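Here the structure comes first, spelled out in structure tokens, and everything after it is commentary.
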Amino acid sequence: MLELFEIKIEDDWIRSKRQKVAEAFNRESNHIKNGNIEIISNQDLRLLFDLYDEVFLNDWFRNNYEGKMAFSLSKRMTKSAGATICPKNIHKIKPEDLKLEIRMGINFFFNYDSLQKDKMVSGIRTKNSLEAMQIVFEHEICHAIEFIYFNRSSCKGKRFKNLAFNLFGHTESYHRLPSNKQIAFEKLGFKIGDVVNFELDGKKTAGIISNINKRATVMVRDKKGDYRDAKGVRYSKYYVPLQLLK
């Protein structure tokens, strides 16, 4: 069996292979035909995985992994752009019954061009949203490999960092892609903790921003509210489009 932890791909080959994957992906995907991600499906992630297995890993997964890989998309992921989901009892599961899932936080790629700044992923400066997604996906492939070999995985560990560097040239284990919070602050000036106004049932209403995703979560004082702070003050929660806040 090919020992993935003994492979070391040189930087020039990594860039060449990553570009080869991107070109094949653009040809074969039903949704993405250039470097910009505007729509994507679970099938696209399956295609991307198969291409990485072929181009980078010499079909290691196809020939050696007895379990199943699943792929999903999430709009709820606000910090991590990717995640690899593994059963907690993996050490008790037969190899042929193991199921790993790679989940991608798609808003990071949809929002890629929202801010004009360098978008670093795993220590690599990316040129478009597809390349950013590829590098996040590479990170998750390393998690999958580590789970299969050792039943555990941590990108803080030396073993993971060596694997990610040797296979894909990663020098960091995090991304600097625009988040909804950064976009809201830099474009509209809003941040968590700000007091804002908005109209509710035709009346001007004031509240405090407690979270920002596509909409702002605004807590409004309300004696009958379902939420209470440490001082016992009650609030009602509202999800307000950012453009309606002042």
Side-chain angles (χ1 to χ4, degrees), residues 36-42 45 70-89 100-122 126 129 132-133 135-137 139-140 143 153-156 172-246:
N36 299 316
I37 299 175
E38 297 179 353
I39 184 171
I40 188 172
S41 70
N42 292 348
L45 298 185
F71 306 91
S72 61
L73 305 167
S74 172
K75 291 185 177 181
R76 291 179 171 271
M77 295 168 67
T78 58
K79 294 182 179 180
S80 298
T84 302
I85 302 167
C86 175
K88 291 183 178 180
N89 63 336
L100 300 176
E101 178 181 336
I102 293 179
R103 181 172 296 168
M104 301 296 283
I106 55 177
N107 285 336
F108 288 100
F109 312 113
F110 290 158
N111 293 337
Y112 183 88
D113 292 316
S114 296
L115 299 179
Q116 298 302 313
K117 65 174 187 177
D118 287 341
K119 283 87 171 185
M120 304 293 292
V121 181
S122 296
T126 61
S129 54
M133 185 178 75
I135 297 172
V136 172
F137 201 78
H139 181 96
E140 301 312 322
H143 275 303
S153 180
S154 172
C155 52
K156 296 180 180 179
E172 297 175 348
S173 296
Y174 53 87
H175 70 81
R176 299 175 189 173
L177 298 173
S179 67
N180 287 321
K181 292 181 178 66
Q182 291 172 328
I183 295 167
F185 178 71
E186 295 196 25
K187 286 200 165 185
L188 301 173
F190 295 125
K191 64 182 184 298
I192 292 174
D194 283 347
V195 177
V196 293
N197 298 310
F198 64 99
E199 283 198 6
L200 178 64
D201 297 328
K203 296 181 181 180
K204 188 176 181 180
T205 304
I208 301 171
I209 296 177
S210 65
N211 196 19
I212 298 174
N213 288 310
K214 281 196 167 182
R215 297 175 294 174
T217 303
V218 183
M219 307 302 292
V220 176
R221 283 199 177 198
D222 182 352
K223 292 180 180 180
K224 298 181 180 180
D226 295 330
Y227 302 89
R228 182 185 297 175
D229 66 14
K231 296 180 180 180
V233 179
R234 288 186 174 274
Y235 297 84
S236 288
K237 181 190 294 185
Y238 297 90
Y239 298 101
V240 186
L242 293 169
Q243 63 269 24
L244 298 183
L245 297 177
K246 295 181 181 178

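Predicted model, so just to flag it, every value in this text is computed and none were measured. Numbering starts at 1 and runs along the sequence shown.
No side-chain heavy atom of T205 sits less than 4.5 Å from a side-chain heavy atom of Y238. Taking 4.5 Å as the limit, every side-chain heavy atom of D118 sits out of range of all side-chain heavy atoms of R176. Counting heavy atoms from C-beta on, the side chains of I40 and M104 never come closer than 4.5 Å. Within the 4.5 Å cutoff, the side chain of H143 has heavy atoms near those of the C155 side chain. A heavy-atom distance below 4.5 Å is found between the side chains of F198 and V220. Counting only heavy atoms from C-beta outward, the side chains of L242 and I212 approach each other to under 4.5 Å. In this structure the side chain of K75 reaches within 4.5 angstrom of the side chain of N107, judged on heavy atoms. L245 is listed as a side-chain neighbour of V218, based on a closest heavy-atom distance under 4.5 Å.
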| request: Dump the intermediate steps for side-chain contact (heavy atoms from CB on, under 4.5 Å) on V136 and F108, then the final yes or no. | output: CA-CA 11 Å; V136 172; F108 288 100; over 6 Å; no
| request: Determine, step by step, whether K191 and D194 satisfy the side-chain contact (heavy atoms from CB on, under 4.5 Å) criterion, reporting the C-alpha distance in whole Å, the side-chain angles of both residues, the deciding distance to 0.1 Å, and the verdict. | output: CA-CA 6 Å; K191 64 182 184 298; D194 283 347; 3.1 Å; yes
| task | List the steps, then state whether side-chain contact (heavy atoms from CB on, under 4.5 Å) holds for F137 with I102. | result | CA-CA 8 Å; F137 201 78; I102 293 179; 3.8 Å; yes
| request: Decide side-chain contact (heavy atoms from CB on, under 4.5 Å) for N36 and D113; before the verdict, give the C-alpha distance in whole Å, the side-chain angles of both, and the deciding distance to 0.1 Å. | output: CA-CA 9 Å; N36 299 316; D113 292 316; 4.0 Å; yes
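Side-chain N or O atoms of E101 include none that pairs as donor or acceptor with a backbone N or O of A70 at under 3.5 Å.
Heavy-atom contacts from other residues, nucleotides or ligands closer than 6.0 Å to CD of E38 number 12 or fewer. K204 NZ: 12 or fewer foreign heavy atoms inside a 6.0 Å radius.
Here K119 contributes atom NZ and S114 contributes atom OG; the two are 8.0 Å apart, rounded to the nearest 0.5 Å.
The residue from N211, T78, N213 that alone fulfils the side chain to side chain donor-acceptor pair (under 3.5 Å) condition with K181 is N211.
The closest side-chain donor-acceptor pair between S210 and Y235, if any, does not fall under 3.5 angstrom.
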